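Here the structure is laid out as structure tokens; the discussion comes afterwards.
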Protein chains: 2
Amino acid sequence: MNAIFKALSDPTRRKILEMLTERDLKAGDIADNFSITKASISHHLSILKEAELIQSERQGQAIVYSLNTTVFQETLRWFYDFMNKGSDSNDEK
Amino acid sequence: MNAIFKALSDPTRRKILEMLTERDLKAGDIADNFSITKASISHHLSILKEAELIQSERQGQAIVYSLNTTVFQETLRWFYDFMNKGSDSNDEK
DNA sequence: AATATATTTAGACATATGTCTAAATAAAGG
DNA sequence: CCTTTATTTAGACATATGTCTAAATATATT
């Protein structure tokens, strides 16, 4: 869970994730929506990928990024379990 | 949302929140569960409070902390909305 | 008032993080 | 091959973050 929350703690990365909820995007298309360099965006993408919040696939010269909805569901679940605590179970890491 | 995610990005703070799901706790009781100093825990508590994930109330010498479940629900909602965002965008005509 | 207990605040310090520029890698098209 | 396009990697740098010790504040007790 730590990599996930670290990844979510930056506004640029959350914005990237939001963009990816709409459609899959090439790295360059993502970068075009920000005022920071492509290199910095690439770095953010690597952090999101490390956290498995996104995945990538090469398509010709471009690399296309997409959301990993599974990990989002796991995180949603974390919150849900969290709020239903106090009665039972203790399984955080 | 930024303060909330920043606050959640640290494992010590998530552990504190977990403890508070069980019962309200004095600052000292919280600190007893960690190997870092009380001053450091106090700093973590101030970050959680700044994000409004917790609230505090003085009781005699002690200060008792408790979860602010409202903000948790808002965050759960953020995730939920997030995941339902792109659900219809692929059917565009 | 003086002392003890609980907690926070201030200041310092090392490490982590986000950003940049420049260089490297990968694929496509002459 | 050589050049262009797309993206990442490497290295540097300033700021943010988590931690500590020491001092300050607030309350309770004697």
Side-chain angles (χ1 to χ4, degrees), chain A residues 1-20 22-68 71 75 92-93, chain B residues 1-20 22-68 71 75:
Chain A
M1 287 308 288
N2 198 48
I4 294 173
F5 280 112
K6 284 276 192 199
L8 289 170
S9 74
D10 180 82
T12 298
R13 291 195 287 268
R14 289 198 302 277
K15 182 105 183 291
I16 291 173
L17 292 173
E18 258 179 67
M19 294 169 60
L20 291 175
E22 301 294 339
R23 71 192 74 81
D24 297 355
L25 290 167
K26 300 179 202 169
D29 293 338
I30 293 170
D32 289 344
N33 286 270
F34 297 90
S35 48
I36 62 181
T37 64
K38 286 171 200 282
S40 294
I41 292 296
S42 182
H43 180 233
H44 284 305
L45 289 170
S46 79
I47 288 168
L48 288 169
K49 196 175 171 186
E50 181 65 31
E52 293 180 274
L53 286 162
I54 63 175
Q55 52 219 157
S56 65
E57 181 200 0
R58 181 173 276 281
Q59 275 180 23
Q61 284 167 284
I63 294 181
V64 176
Y65 284 91
S66 57
L67 278 193
N68 179 353
V71 172
T75 310
E92 147 82 357
K93 42 177 174 170
Chain B
M1 289 305 293
N2 197 47
I4 294 173
F5 280 113
K6 285 276 192 196
L8 289 170
S9 73
D10 180 82
T12 298
R13 291 195 286 267
R14 290 198 300 279
K15 183 101 183 293
I16 290 173
L17 292 173
E18 239 181 90
M19 291 169 62
L20 291 175
E22 302 292 339
R23 72 191 76 80
D24 297 355
L25 291 167
K26 300 178 201 169
D29 293 338
I30 292 170
D32 289 345
N33 287 268
F34 297 90
S35 47
I36 63 181
T37 64
K38 284 170 201 284
S40 295
I41 292 295
S42 181
H43 180 234
H44 285 304
L45 288 170
S46 79
I47 289 168
L48 289 169
K49 197 176 170 186
E50 182 65 30
E52 293 180 272
L53 286 162
I54 63 175
Q55 51 218 160
S56 65
E57 180 200 1
R58 181 172 278 280
Q59 275 180 22
Q61 285 166 284
I63 293 181
V64 176
Y65 284 91
S66 57
L67 278 192
N68 180 354
V71 172
T75 311

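The chains referred to below are lettered A, B, ... by the order of the sequence lines, with proteins before strands, and numbering in each begins at 1. None of the values given here were measured: they were computed from a predicted structure.
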Side chain of A:Q61: nearest nucleotide among C:dA22, C:dT17, D:dA6? D:dA6
Starting from C1' on D:dT5, measure out to CG on A:D32 and report it in whole angstrom. 13 Å
Classify B:A39 by what it touches in the nucleic acid, base, sugar-phosphate, or nothing, heavy-atom distance under 4.0 Å. base
Which whole-number value in Å describes the distance from A:L45 CG to D:dA6 P? 16 Å
Selection from D:dT7, C:dG18, D:dA6 that lies nearest to any side-chain heavy atom of A:H43: C:dG18
When rounded to whole Å, the CD1 to P distance for the pair B:I36 and D:dT17 reads 16 Å
Between the main-chain N or O of A:K38 and the side-chain N or O of A:S42, is there a donor-acceptor pair closer than 3.5 Å? no
Between A:R13 and C:dG18, is there a contact of a side-chain N or O with OP1 or OP2 at under 4.0 Å? yes
Would you say A:N68's side chain and A:E52's backbone share a donor-acceptor pair under 3.5 angstrom? yes
Between C1' on C:dT7 and CD1 on B:I16, what's the gap in Å once rounded to a whole number? 14 Å
Hey, does the side chain of B:S42 come within less than 4.0 Å of C:dT7's phosphate (OP1/OP2), counting only N and O? no
Nearest-angstrom distance from the residue atom CD of A:Q59 to C1' of D:dT7: 14 Å
What nucleotide, of D:dT4, C:dT8, C:dC20, holds the atom closest to the side chain of A:S40? C:dC20
Check each of B:I54, B:V64, B:L67, B:D29 against B:D24 using the side-chain contact (heavy atoms from CB on, under 4.5 Å) test, and report the only one that passes. B:V64
Which listed nucleotide (C:dG18, C:dT7, D:dT21) is nearest to the side chain of B:A62? C:dT7
Verify, without hydrogens or angle tests, whether A:R13 (side chain) and A:L8 (backbone) share a donor-acceptor contact under 3.5 angstrom. no
Return no unless some side-chain N or O of B:K6 is found under 4.0 Å from OP1 or OP2 of D:dT17. yes
Any side-chain N or O of B:T37 less than 4.0 Å from the OP1 or OP2 oxygen of D:dT19? no
If each of A:G60 and B:G28 is mapped to the nucleotide of DNA chain C with the nearest heavy atom, which maps nearer the 5' terminus, i.e. the 5' end? B:G28
Using the side-chain heavy atoms of B:T12, tell me which of these nucleotides is nearest: D:dT19, D:dT5, C:dA26. D:dT19
Measure CG/A:N2 against P/D:dG18 and give the value in whole Å, please. 11 Å
Between C:dA6 and B:Y65, is there an OP1 or OP2 to side-chain N/O distance shorter than 4.0 Å? no
Gap between atoms NZ and P, on B:K38 and D:dA22 respectively (whole Å): 17 Å
Return the minimal non-hydrogen interatomic distance between B:R14 and B:S9, and the atom names on each side. NH1-C, 3.6 Å
Side chain of B:H44 only, please: which of D:dC20, D:dG18, C:dT7 is the nearest? D:dG18
Between atom CG in A:D10 and atom C1' in D:dT15, what is the gap in whole Å? 14 Å
Please name the pair of heavy atoms, one in B:L45 and one in B:A27, separated by the smallest distance, quoted to 0.1 Å. CD1-CB, 4.1 Å
